[in-house]
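Residues take their numbers from the sequence shown, with the count starting at 1.
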Amino acid sequence: KDSGRRAKICLDCHAPMAVIAGDFDLELGSSREGVPCEFCHGLVEVTMTDDGPRHRLEIGNIKRGTIAEADSPAHGVAYSELHKDSLLCAPCHEYVSEDGVSILSTYSEWKSSGSAERGVTCQNCHMEITEAEVVDPKVVRKSDAHVNLHEMPGGHSVQQLLKALDIKVRTDRKGDVLDVRVTVSNDGAGHAVPTGMPGRRIILSVDVNAGGGLTHEDQRIYGKSFKDAKGKRITHVGDYFGTGVLLEADTRIGPDEIRDEDFRFEIPEASSAYLTVRLHYEHAPQGEDEEMERVTFFTDRKLLRRGKSG
């Protein structure tokens with residue numbers, strides 16, 4: 001019974017037409033499409049409640065979008081203010097459990113961010129405007145028409161990660177002590193980094209190699225973790241949607257947040273050293289911690305000559 005409930009929660013966002021059709025075995029072609037045009041362009045209302053977002057969908061010949069005078073030979077069209085608003089994204093990027101615990105919180109993170117105050121929406125960052133008449137990025141561009149691309153890169157995109165975080169590295173050497181300060185600023189994302197599914201992590205790693213086999217390593221991990229009803233940390237994606245789930249820790253970098261991370265290493269005063277600072281993004285596409293994939297999206301390597309700071 002619980003596994004069926006969790007499957008419906010997953011399908012609500014990953015294959016919404018399957019839920020509408022009651023096709024939980026994904027036998028219909030429309031179910032296997034994942035998130036089709038019909039769903040997003042059929043949304044007519046989204047409201048936020050204490051139990052999370054609620055949406056109203058109208059399936060039919062009318063498709064809704066942001067172009068006021070659009071025309072299509074394939075279906076009717078209607079202009080929609082909702083499709084210009086981040087609220088459109090809330091149904092699949094905000095989830096509150098039956099116990100009232102916020103599991104997915106991307107929309108509410110954005111709502112309280114400086115981006116929201118400045119009028120920068122999800123669509124502004126994740127649906128780039130290009131010169132064309134249709135959304136397919138491979139079509140010939142037309143300078144007299146503009147449309148939002150529908151590639152919608154997210155947390156797995158190196159380009160998006162680089163846009164989200166700014167890194168500054170400072171060092172100070174006094175005697176045999178090397179102090180390193182790494183300033184991580186989330187000045188490019190209108191939500192926490194990382195956001196979305198729990199289990200995604202940003203790892204800041206700092207490595208020092210002074211030669212002669214002398215190495216030091218340290219790191220900081222930014223993520224959101226939960227524990228199940230038995231108090232065990234959750235490592236499988238499906239278990240986040242079980243009952244009795246509680247937040248364990250949230251060390252993510254919030255929107256507009258600046259975080260100073262300090263490290264101290266013992267390096268002989270007479271030795272030069274290589275300092276390497278990296279940012280990694282980790283996620284588990286198959287749903288298990290042991291199947292984590294890691295992408296290194298930032299590297300700063302510098303030579304620290306003896307007695308020098310920088």
Side-chain angles (χ1 to χ4, degrees), residues 1-16 18-19 24-26 31 34-35 39 46 48-55 86-87 89-113 122 126 152-157 160-161 164 186 189-203 220-255 280-295:
K1 181 179 178 181
D2 188 54
S3 61
R5 183 187 64 82
R6 296 187 199 185
K8 180 181 180 301
I9 292 171
C10 295
L11 291 173
D12 266 337
C13 290
H14 292 282
V19 176
F24 297 104
D25 292 327
L26 304 180
S31 300
V35 184
F39 179 73
V46 178
M48 295 300 296
T49 73
D50 291 341
D51 298 324
R54 298 290 180 266
H55 66 272
S86 291
L87 188 62
C89 308
C92 290
H93 295 273
E94 191 84 9
Y95 177 76
V96 178
S97 73
E98 294 177 0
D99 302 303
V101 178
S102 176
I103 307 297
L104 302 176
S105 54
T106 304
Y107 174 76
S108 57
E109 293 161 16
W110 170 84
K111 188 69 175 176
S112 61
S113 74
C122 303
H126 297 279
M152 290 177 274
H156 305 340
S157 163
Q160 292 295 105
L161 289 165
N186 179 2
H191 48 68
V193 178
T195 192
M197 283 298 300
R200 298 177 180 181
R201 296 181 290 204
I202 297 292
I203 299 174
R220 301 288 187 271
I221 298 177
Y222 310 115
K224 190 177 184 181
S225 60
F226 291 84
K227 56 186 178 182
D228 62 21
K230 297 180 180 179
K232 183 180 178 181
R233 185 181 181 189
I234 295 174
T235 60
H236 187 274
V237 168
D239 292 339
Y240 292 116
F241 303 99
T243 56
V245 172
L246 293 174
L247 177 67
E248 180 182 48
D250 187 351
T251 60
R252 298 174 303 157
I253 307 170
H280 314 279
Y281 170 75
E282 283 192 346
H283 70 115
Q286 303 302 317
E288 297 284 0
D289 251 8
E290 57 267 27
E291 297 169 337
M292 278 283 185
E293 289 189 1
R294 172 179 286 198
V295 175

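Looking at heavy atoms from C-beta onward, F24 lies in side-chain contact with V19 at the 4.5 angstrom threshold. Taking the side chain as every heavy atom from C-beta outward, R54 and D51 approach each other to under 4.5 Å. A heavy-atom distance below 4.5 Å is found between the side chains of Y107 and S86. At a threshold of 4.5 Å between non-hydrogen side-chain atoms, the residues V101 and L246 count as touching. Using a 4.5 Å heavy-atom cutoff, the side chains of R6 and D239 are in contact. Side-chain contact between V35 and P16: present, with at least one pair of heavy atoms (C-beta onward) separated by less than 4.5 Å. Here the side chains of W110 and H93 are not in contact, with every heavy-atom distance at 4.5 Å or above. With contacts defined as side-chain heavy-atom distances shorter than 4.5 Å, the pair H126/Q160 qualifies.
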Next item on the list: Please test E98 against T243 for side chain to side chain donor-acceptor pair (under 3.5 Å), starting from the C-alpha separation and ending with a verdict.
Entry: CA-CA 7 Å; E98 294 177 0; T243 56; over 6 Å; no
Next item on the list: Might you work through the side chain to side chain contact (heavy atoms under 4.5 Å, CB included) test for H55 and F39, ending with a clear yes or no?
Entry: CA-CA 11 Å; H55 66 272; F39 179 73; 3.8 Å; yes
Next item on the list: In sequence, state the C-alpha distance, the side-chain angles, and the governing distance for L26 and L11, and then conclude on side chain to side chain contact (heavy atoms under 4.5 Å, CB included).
Entry: CA-CA 10 Å; L26 304 180; L11 291 173; 4.0 Å; yes
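Between Y240 and Y95, the distance from one ring center to the other does not fall under 6.0 angstrom.
When all heavy atoms of I202 and L161 are compared, the pair lying nearest together is CD1-CD2, 4.0 Å. Here the closest heavy-atom approach between residue G190 and residue S113 is recorded as O-OG, 3.5 Å. Taking all atoms of both residues into account, the shortest heavy-atom contact from I203 to I221 is CG1-CG1, 4.2 Å. A pairwise comparison of heavy atoms in K224 and I103 identifies NZ-O, 3.6 Å as the closest pair. Nearest approach of S105 to R252, heavy atoms of both residues: OG-NH2, 3.8 Å. Taking both residues in full, the closest heavy atoms of P53 and A90 are given as CG-O, 3.3 Å, listed atom of the first, atom of the second, then distance.
Taking NE2 of H14 as the reference point, atom OG of S31 lies at 15.0 Å (rounded to 0.5 Å). With rounding to the nearest 0.5 angstrom, the OH atom of Y222 is 5.0 Å from the CD1 atom of I253. Between the CD atom of E94 and the CE atom of M48 there is a distance of 4.5 Å, given to the nearest 0.5 Å. Taking CG of D250 as the start and CD of E248 as the end, the distance is 11.5 Å to the nearest 0.5 Å. Rounding to the nearest 0.5 Å gives a distance of 13.5 Å between OG of S157 and CE of M152. Between atom CD of residue E282 and atom CD of residue E293 there is a gap of 10.0 Å, rounded to the nearest 0.5 Å.
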Under 3.5 Å, which donor-acceptor pairs do the side chains of residues 191-200 form with other protein atoms, sequence neighbours left out?
{"residue": "T195", "atom": "OG1", "partner": "T106", "partner atom": "OG1", "Å": "2.7"}
{"residue": "T195", "atom": "OG1", "partner": "E109", "partner atom": "OE1", "Å": "2.9"}
{"residue": "R200", "atom": "NH1", "partner": "T195", "partner atom": "O", "Å": "3.3"}

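Partners of D228 by side chain to side chain donor-acceptor pair (under 3.5 Å), not counting sequence neighbours: none found. With sequence neighbours left out, D12 forms a salt bridge (Lys or Arg N to Asp or Glu O under 4.0 Å) with K8.
Between the H280 side chain and the V295 main chain, no donor and acceptor come within less than 3.5 Å of each other.
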